[in-house]
Structures are given as structure tokens and as C-alpha cells.
**Q** 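Input: one structure, supplied below.
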Protein chains: 2
Amino acid sequence: MAVNIKDVAMRAGVSPSTVSRVIANNPRISAETRERVRAIMKELNYHPNAIARSLVRQSSQAIGLLIPNTIEQFFLNPFFPEVLRGITQVAQHAGYDLFLSTALHGLNDIERLEQMVRSKRVDGVILLTSRVEDPLLTVLQENHIPAVLIGRPASSATISWVNNDNKKAAYDATTHLLKLGHKRIGFIGGSTELVVTMDRLSGYATALQDAGGAFDPRLVTSEEFLEEGGYIGMMRLLATPERPSAIIASDDVLAFGAMRAAGELGHRIPDDLAIVGFNDIPLAKLANPPMTTMNVHIYELGQESAKMLIEQIEWPATDPREHLVPHTLVVRRSCGAWNPLVL
Amino acid sequence: MAVNIKDVAMRAGVSPSTVSRVIANNPRISAETRERVRAIMKELNYHPNAIARSLVRQSSQAIGLLIPNTIEQFFLNPFFPEVLRGITQVAQHAGYDLFLSTALHGLNDIERLEQMVRSKRVDGVILLTSRVEDPLLTVLQENHIPAVLIGRPASSATISWVNNDNKKAAYDATTHLLKLGHKRIGFIGGSTELVVTMDRLSGYATALQDAGGAFDPRLVTSEEFLEEGGYIGMMRLLATPERPSAIIASDDVLAFGAMRAAGELGHRIPDDLAIVGFNDIPLAKLANPPMTTMNVHIYELGQESAKMLIEQIEWPATDPREHLVPHTLVVRRSCGAWNPLVL
DNA sequence: GAATGGTAAACAAACGTTTGCGCATCAAAA
DNA sequence: TTTTGATGCGCAAACGTTTGTTTACCATTC
């Protein structure tokens, strides 16, 4: 039914090989033939079959996105579209298509991985799943699957990854609050199974320690990565005997929940309670008050991961690389630093 | 390098056809052979090549998502992840993979469409692009490409679509405000090129008319589909001589911008100004005050579109269908209806 | 004992490309 | 005139499956 390369060849009075070479802009085709074939292609409205091409080329010119099992949570977080935007930008530019793999009906990460790459549908994968179990990494290595992790591998596995310096970022955020005079600073984190949570918690603790402050476990809570989690976490922290005067939330969505909880209990932000979030999602600046938050440049994270993956696909020999995307604290109103210039 | 069906066949002492039939659970294979082949597949860690399969089957078991050219705006709007979530859910369940097509380097919709489906990478497409130009629809029809539009076609083209009854929804939202006693109600819409904007505007106007109110063009503004657009729109409306006492924003993101503008000018919501948004994005209930908004059930929109597309792919004969997803007004604080029960 | 029927598996063609190799053709050099 | 070297193009194999048809085998039946 659909017109194929043979139809074009026949109509143009040449062989399929010639048509193929015209498509590939092979220089060994005369200008005259090239033009004639091109005209026929247009006339017949011919479009090369990408599937057949992939089969013979042994490459699909597509990259896969492995989305965490906690789909709902992940999609709900503005992190997702933003990182996707970055990946998209680079992939498009390099001529790669994007394949999405989500997990719903009980497929685990490994099965999904095999579905995508072992079946040759994609040339490599970007892992958005921050809680990386080792078996997955083993499968990747054993099968020489080009892959890039967004986040940091829990173990010292040899895989390319792109991440923020989360410890440093949390350290900086905490220091910011310390400089504003806060003594008791609380921490609301996501699931402790996530490397990112542990890193940020660690940076927070180190900052307190360096400032001579005490790390009080009652001021630390870890919740689901949802607005509701932030809400609950804040409620918990505010119930402690000596309540904190400032909060670090390891995600803006958590921070939003925290702000809601604080508001409901009648605490004013930043007067009674300073809050610093993480990620600088678009709505952070629209919060009331506008939220101070650590911008981790998610878009760049996405871009860089795609770049690294494509590099890996096209030069399979290259060693795993790491890349740290810098962070910048965006000072708004929620931390109580009315004049950012003095900091 | 990678193990293929022939390797399995050889090792099991059978032909490739037999292996293929084992994979397909063909009943003509004896139980004994089936088990033996299965064992070998596991032993060799064999995974069928989806590309080769697609080639011979003439179907890729994948559906494509055509994302509007206004990528940045689209990704920024929480509508996107939510509709994607719905699509994903159904697609996964039916065994279809998801392919993303975004437009960056100047490819227009048609080119992208051809890239995806004419090249057989996907079996059908979901069009997320609400401003559907006719040429695109023509291409779809001429090539018998299974497709579903999310939104309503501008012309009376014969294409399957799933949508909200946007006129009715806007009518209902406006009526809600009228019942609360508002006389001058403003409307902040997205680009007038979008069908959805025009539909909602139309419903708004009809509601005013039915209530005996006058439609005042000075109370209507159309802006970019961004928070910033809502901000500017609100500024514009508040600058009119007789300023409105209530606002309908055709998108929650616009409503957020509107609320910010109102806040900056010192107007209190809902006391000085009532606001009703559209979409009920997750953050709507976290706004300050929590936002009254028309829930259009985006997730369902996504689910239904995927269902319709897959149905179309698997039963090519079926006629184009339409589906309206119901809307429900979620009354919170921003509209000033303190006791939703009385309505 | 030959014909029939049923079951299990093999054969081979197809799907639409790409690409190494070989074969003409022709002009220039020997 | 023969050799050489480009140049332009065709041949055919390969990529890894699926599937309609055929074959081989064995047990019934006449």
C-alpha cells in the first residue's frame, strides 16, 4: 500500500540502492540522477521507513526515558516537564526521537529496560529513577547499554551521571538561613530511599555542625514527595517543643505543603517562620510570599544528560562521565532576607 | 553480538519458526517443545527484537504524541503532565509504547507527523495541538492515519476527538459568579487562535447575555498562555474605568498570574475581586486563597484519547468518534462563595 | 497393506532498507 | 591500442522477525 523505495526506484528507472544513496546524499550519485530521484520521491510522496532502516542499521536513532515506578508522584512534580524539556531540546537537535517508558502494571525497572533497549527500540536510556538499585546497573553494564543517570548512583557503580552537588547546595541553603540569624532550622525531606534526600540532609547537617549548631533529629522529617508530604512534615515539626524558626524543604512541592501547613496554624511567613525550598519551579516565585529556593537548573540537567547519552551512543568507547550542574540560591521573600544585596 | 531467534532455535534444535510460535503461544507447539524453548530463551537471555517484529507485522505497537510548536509554554503548563499521565495509563495497559514528537528546529506539524507515522514508527497519533490547521487534518485523512485530537477541530473535519464542553463549562463558571451577585465579570483568555479560548469566551458571553447582562469588550483580554499572560491581562482589566468585581480565567496558570497582579495592586481576593480558574491543576487548591476552578478532568481526557486511538488502530474500519468529558466546578475560596452548600 | 487424517515442526518468502563489492563506461595516460 | 583510474550505478546479502504452506511422522481406518 504505502510507497516504498522500490516504487521510487522503478519509477525513476534506477535501482533501490541508488535511491538509498540519494537519500543519504552519497556523493557518488550524479547530480542529474539525484535531482530526478528527488523529484520522483516528492511526486510519489515517499517517506523512508524508519523501522526498516533501524533494522539494517542496527540503531534506532531514539533514546528512551525510564520513568520511576512512582509515576503519579513523578508526573505531579514540575521537575518532570522541565527535565523533559531539556532532554527534548538536545535530542531533537541531534536527530534522536524520544521514547517514554513508564511502569504501571507491575513491570519492574529491569523488565522495562529490556522491553526498550534489549528489543532495540532505543539506542540508550536516561534513567530518571533516582533510587537506583544495583541489579539495574548490572544489567546495563553486562549488556553494554548506553545509559545516563540523572542523580547520583547509590553505590560507586560505573555509570555516567549528571547531578547537582546536592550536599553543597543544601549546605549553602542552610548557611543562608544561619546567616540570617536562625538557630533552630528544620528539614523536610522526601523519601529517605532517595539518594537526593540523603545528600541534601547531609549537607544540611554539615552546615549546622560547621556553624557550631547542634543537629537535632526532632527537627528532621522525611515524607512522601508530594505537597501533602510537606504539609504533614511541617505539622510534625511545628508540634515539637522548641519549634524551629526556619525550614529547609528538599523540594519546592514539599515547601508548598509546608507553607500551607504553617498558614493554617496561623504562622506568618517569613516573620514567624522562614522557608527555603529546592528546585525553583515556575510557581515558586508566585507563592505568597514568593519563595526563596535553590535553583538546581533542571533544564540544564536534562540537556546535559541527553548530551552525555548521545555521546555515549555515538562513541561507545568513551568512559563513563560525571557532570555536576551548578546551583544558585534564588532569594525571594519566604526566607526573610528582605534585602538580598547584603548577603 | 546480541542473541537472536536463530541462536535460540539452533540451541534448542528447532527452527526459528518454532521459536517464534513459542513466543506467540501458538497452540500448535507441543508442551514439551514449548518448555524446552522457553528454557533456552531464559538461558541465553533472549529478547525479541521489536524492530524486526514491527517490520514484518507492519505495526509498531507504539503511539505518537504530537506536541504543539509552542513547546515551552506547553511544558510549563501542568496540563501536560496530567494528560500524559492519562495517556500513559491506557497505552501501557494495552501494550503500546509512547513516542514523543516535539518541534524545535523549525519542523512544522506536518513534517513531524510524517517523520513519525509515515515512517512507520508509530501506528497512530494523539494531537495535543489545539490550534489545528486544516492541512494537517488533510494529511491525516489522505494517508488513513489513525489519529485523535484532544480539543475540538476548528473546522468540521472528520476526525476523532475528545474534549470538554468548553462553552458549557465557561457558561457554568460565569453563572456561578453571577449568582454570587457579580455584575461586571472580566474574562482573561489565552491566544484567540486556540479553539479552547474561543469556546470558553463564547460560553462566558452567552451566560452574561442569558442573565440580561451586557457583554463589555473592555472586560475581555487575551494573552499568552503563561502566568505572565494572566498577570498582564489582570493589569489591563484593573485599569478599566469601571473595574470588574470578578474574573474568569480560562486557565489556572492565567488565574495565578491574575491573582499575583491583583495582590500587587492591593486588591484582596475574594473580597475585592473574585476569581475563577480553569483546569483544577494540583496547585490550585494550594493558592492563597485556595482557587475556585473548573475541573475539566484532564486525566480522563488523556485516558479517553488513548482509548479511542487504540480502538481506531485495531479496528481501522470504525468511524471517527467524539467524546465529551464532563466538567465540575470546584468551589474554594477565591470566588467568595464561603458556603458552597447553599449554591 | 494401502489410504486417510491429525499433529508437530520445518521451509521459505516476505517486510523495506543499507552497503560492500563488482561491473560497465569513458577519458586520459602510456 | 592497451592500460589505468575515475565515475556512476546495479547486485545481492544482510538485518531479525512472522506466517502461509509443505513435509514428516505416526496412528487409525478400511
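As the structure is a prediction and not an experimental result, all values here were calculated from the model. Quick note on labels: first sequence line is chain A, next is B, and so on, each numbered from 1.
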**Q** In whole angstrom, give the distance that lies between atom CG of Asp7(A) and atom C1' of dG16(C).
**A**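 About 10 Å, once rounded to whole Å.
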**Q** What's the verdict on side-chain contact (heavy atoms from CB on, under 4.5 Å) for Leu84(A) and Leu98(A), showing C-alpha distance, side-chain angles and the deciding distance?
**A** CA-CA 10 Å; Leu84(A) 184 56; Leu98(A) 224 58; 3.7 Å; yes
**Q** Side chain to side chain donor-acceptor pair (under 3.5 Å) between Ser20(A) and Ser17(A): does it pass, once the steps are laid out?
**A** CA-CA 5 Å; Ser20(A) 174; Ser17(A) 340; over 6 Å; no
**Q** For Glu43(B), is there an ion pair with Arg38(B) - N to carboxylate O distance below 4.0 angstrom?
**A**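 Looking at Glu43(B) together with Arg38(B), the answer is no, because their closest N to O distance does not fall below 4.0 Å.
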**Q** Could you state the atom-to-atom distance from CG of Leu55(A) to P of dG16(C) in whole Å?
**A**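 It is 12 Å, rounded to the nearest whole Å.
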**Q** Across the strands shown, which category fits Lys120(A) at heavy-atom distances under 4.0 angstrom: base, sugar-phosphate, nothing?
**A**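 Touches nothing.
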**Q** Out of curiosity, Ile40(B) CD1 to Tyr46(B) OH, how far, rounded to the nearest 0.5 Å?
**A**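 The distance works out to 13.5 Å.
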**Q** Would you indicate, yes or no, if dG16(D) has its OP1 or OP2 atom less than 4.0 angstrom from a side-chain nitrogen or oxygen of Asn49(B)?
**A**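 Answer no for this pair, as no side-chain N or O of Asn49(B) is under 4.0 Å from OP1 or OP2.
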**Q** Rounded to whole Å, how long is the line connecting atom CZ of Arg121(B) with atom P of dT17(C)?
**A**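 One finds 13 Å between P of dT17(C) and CZ of Arg121(B), rounded.
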**Q** Is the Phe75(B) ring parallel, tilted or perpendicular to the Phe80(B) ring (thresholds 30°, 60°)?
**A**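 Correct class here is parallel.
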**Q** For Arg57(A) and dT17(C), give me the distance from atom CZ to atom P, rounded to whole Å.
**A**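 To the nearest whole Å, that distance equals 12 Å.
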**Q** CG of Asn4(A) versus C1' of dT18(C): gap in Å, rounded?
**A**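 Atom-to-atom, Asn4(A) to dT18(C), this comes out as 14 Å.
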**Q** For Gln58(A) and dA14(D), is the shortest distance between a side-chain N/O and OP1 or OP2 below 4.0 Å?
**A**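 So the side chain of Gln58(A) is outside the cut-off, no N or O lying under 4.0 Å from OP1 or OP2 of dA14(D).
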**Q** Whole-Å distance between dG20(C) P and Asn26(A) CG?
**A**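 Result: 10 Å.
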**Q** Any chance you could list the contact pattern along nucleotides 8-13 of chain D? Use B for base contacts, S for sugar-phosphate-only contacts and - for none, protein heavy atoms under 4.0 Å, 5' to 3'.
**A** BBBBB-
**Q** Calculate the interatomic distance between Arg53(A) atom CZ and dT17(D) atom C1'; express it in whole Å.
**A**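 Going from Arg53(A) (CZ) to dT17(D) (C1'), I get 20 Å.
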**Q** Measure the CG-CZ distance between Leu65(B) and Arg112(B) for me, rounded to the nearest 0.5 Å.
**A**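 So the gap between those two atoms works out to 10.5 Å.
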**Q** State plainly whether the residues Glu322(B) and Arg152(B) are in salt-bridge range, i.e. N to O under 4.0 Å.
**A**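 Salt bridge absent between Glu322(B) and Arg152(B).
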**Q** To the nearest angstrom, how far is Gln61(B) atom CD from dT17(D) atom P?
**A**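 So the CD-P distance, Gln61(B) to dT17(D), works out to 16 Å.
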